[in-house]
Asks: 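Okay, handing you the structure first.
Every heavy atom of this structure was used, including side-chain atoms; hydrogens, water molecules and symmetry mates were not.
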Amino acid sequence: NGTWMIERDPLNAGRDELWFERGPGPDAAAASVPGLIQQTFPGYHGLAWYWTTFRLPEAPAPYERCLLRFEAVDYMAQVWVNGVYAGGHEGGETPFELDVTDAVRGLPAGAEHRLVVRVLNPIDEPIDGIILAKTPHRNKGVDYRIGWSFNRGGIVAPVTLAVLPAVRVLDVFVQPDATTGVLDLAITVRNDSQQTPLRCDLAVTVEPASGGDAVAMQ
């Protein structure tokens, strides 16, 4: 999070011209992330490219993965790290996570890594086959009118980079039964190591809301 650089791409030329392999162009300007395209370029809607750099204090170990998480990009994102395509996501209000380990591995600790994000903020004319009217947009409108919301776009929520073990808990879903006091746990574990299958132990502690003793399970 912080100050990135942003550049408009009204002709949809950025991918063909390999903007993801270069830094910001002469028409780029500073932009806040999280933030909106329109904070930097008022009245502009369509395609925009974001650039920033980051450093890793230590190179990821063989058993670690580097995960880039976007809390929300409105509306569609494509992401490159060090010129390597990391993936994309469609949907302006949902988080997504990309594994960028291979893109950052091989560079020494403290080296500068370049992160580039292409953002599609839909309009009434198709861009890559996408138009505003055919996306989940509530009451967004390019031409604002009473009762409508502004057609905003951009990297609208925080961006984080985490270095995590290859074997990790992805999700925990707890379903209590008030009549029996039984808790059903659904725990999703991901294994990105080279060893499959892999044995692991899970430890869970359930603490009551008030009073009583905690219960530990394995």
Asks: Suppose the criterion is salt bridge (Lys or Arg N to Asp or Glu O under 4.0 Å): which pairs have a residue in residues 43-60, not counting sequence neighbours?
Replies: R55-E112
Asks: Apart from L11 itself, which Ile, Leu, Val, Met, Phe, Trp or Tyr residues share its cluster (side-chain heavy atoms under 4.5 Å, direct or through members)?
Replies: none
Asks: Between D99 (side chain only) and T101 (backbone N and O only), is there a donor and an acceptor less than 3.5 Å apart?
Replies: yes
Asks: Using the ring pair (Phe, Tyr, Trp, His ring centres under 6.0 Å) rule, collect all pairs that involve residues 96-128, keeping only residues at least two apart or in two chains.
Replies: F54-H113, F70-F96, H89-F96
Asks: Please find the pair of heavy atoms, one from A157 and one from P34, that lie closest to each other, and give the distance.
Replies: C-CG, 3.5 Å
Asks: When hydrophobic residues are tied together by side-chain contacts of less than 4.5 Å, even through go-betweens, does V116 share a cluster with V119?
Replies: no
Asks: If you look only at pairs with a residue in residues 10-19, which of them pass as a salt bridge (Lys or Arg N to Asp or Glu O under 4.0 Å), with sequence neighbours excluded?
Replies: R15-D128
Asks: To check you understand the geometry: which heavy-atom pair defines the closest contact between I37 and G154, and what is its length?
Replies: CG1-CA, 3.8 Å
Asks: Tell me who clusters with L36, hydrophobic residues only, linked when side chains sit under 4.5 Å apart either directly or through other members.
Replies: V156
Asks: List the atom of A86, the atom of V100, and the distance in Å for their closest heavy-atom pair.
Replies: CB-CG1, 3.8 Å
Asks: I need the single residue from D102, V163, V167 that forms a side-chain contact (heavy atoms from CB on, under 4.5 Å) with R65. Which is it?
Replies: D102
Asks: Give me the atom names and distance for the closest heavy-atom approach of A59 to L107.
Replies: CB-O, 4.3 Å
Asks: Hey, what do you get for CD1 (I187) to CG (L202), rounding to the nearest 0.5 Å?
Replies: 5.0 Å
Asks: Would V159 end up clustered with V117 when hydrophobic side chains under 4.5 Å apart are linked, directly or stepwise?
Replies: yes
Asks: Give me each pair satisfying salt bridge (Lys or Arg N to Asp or Glu O under 4.0 Å) with a member in residues 150-171, each pair once, sequence neighbours excluded.
Replies: D74-R152, R168-D192
Asks: Measuring only between side-chain heavy atoms, which start at C-beta, is D184 closer than 4.5 Å to V174?
Replies: no
Asks: If you look at every heavy atom in A103 and N82, which pair is closest and at what distance?
Replies: O-ND2, 3.0 Å
Asks: If you group Ile, Leu, Val, Met, Phe, Trp and Tyr whenever their side-chain heavy atoms sit less than 4.5 Å apart, what else falls in with L67?
Replies: L164
Asks: Strictly by ring pair (Phe, Tyr, Trp, His ring centres under 6.0 Å), give each pair with a member in residues 174-205 just once, sequence neighbours left out.
Replies: none
Asks: Rounded to the nearest 0.5 Å, what's the gap from CG on L98 to CZ on R69? Could you check?
Replies: 10.5 Å
Asks: Any side-chain heavy atom of I131 within less than 4.5 Å of one from P126?
Replies: yes
Asks: Can you confirm whether V81 sits close enough to C66 that some side-chain heavy atom of one is under 4.5 Å from a side-chain heavy atom of the other?
Replies: no
Asks: Which residue pairs pass the salt bridge (Lys or Arg N to Asp or Glu O under 4.0 Å) test when at least one of the two sits in residues 19-40, sequence neighbours left out?
Replies: E7-R22
Asks: To the nearest 0.5 Å, what is the distance between CD1 (I123) and CD1 (I130)?
Replies: 11.5 Å
Asks: Any side-chain heavy atom of L115 within less than 4.5 Å of one from W4?
Replies: yes
Asks: Can you name the side-chain hydrogen bond (donor to acceptor under 3.5 Å, both in side chains) partners of R114, sequence neighbours left out?
Replies: none
Asks: ring-ring contact (aromatic ring centres under 6.0 Å, His included) with Y85: which residues, sequence neighbours excluded?
Replies: W80
Asks: Looking at every heavy atom in both A31 and Y50, which two are closest together, and how far apart are they?
Replies: CB-CE2, 4.4 Å
Asks: Evaluate side-chain contact (heavy atoms from CB on, under 4.5 Å) for I6 paired with F41, printing each intermediate quantity in order.
Replies: CA-CA 9 Å; I6 185 175; F41 299 118; 3.7 Å; yes
Asks: Please name all residues satisfying ring-ring contact (aromatic ring centres under 6.0 Å, His included) with W19, sequence neighbours left out, ordered by chain then number.
Replies: W49
Asks: Show your reasoning for whether side-chain contact (heavy atoms from CB on, under 4.5 Å) applies to V206 and L183.
Replies: CA-CA 9 Å; V206 180; L183 293 177; 3.6 Å; yes
Asks: Could you measure the distance from the CD atom of Q38 to the CG atom of N151? Nearest 0.5 Å is fine.
Replies: 6.5 Å
Asks: Using 0.5 Å steps for rounding, measure from the NE2 atom of H45 to the CZ atom of R8.
Replies: 12.0 Å
Asks: With a 4.5 Å heavy-atom cut-off, do V33 and T52 have their side chains touching?
Replies: no
Asks: Okay, side chain of E93, backbone of A72: is any donor-acceptor separation there less than 3.5 Å?
Replies: no
Asks: Look up atom OH in Y44 and atom CG in N121, then write down how far apart they are to the nearest 0.5 Å.
Replies: 8.5 Å
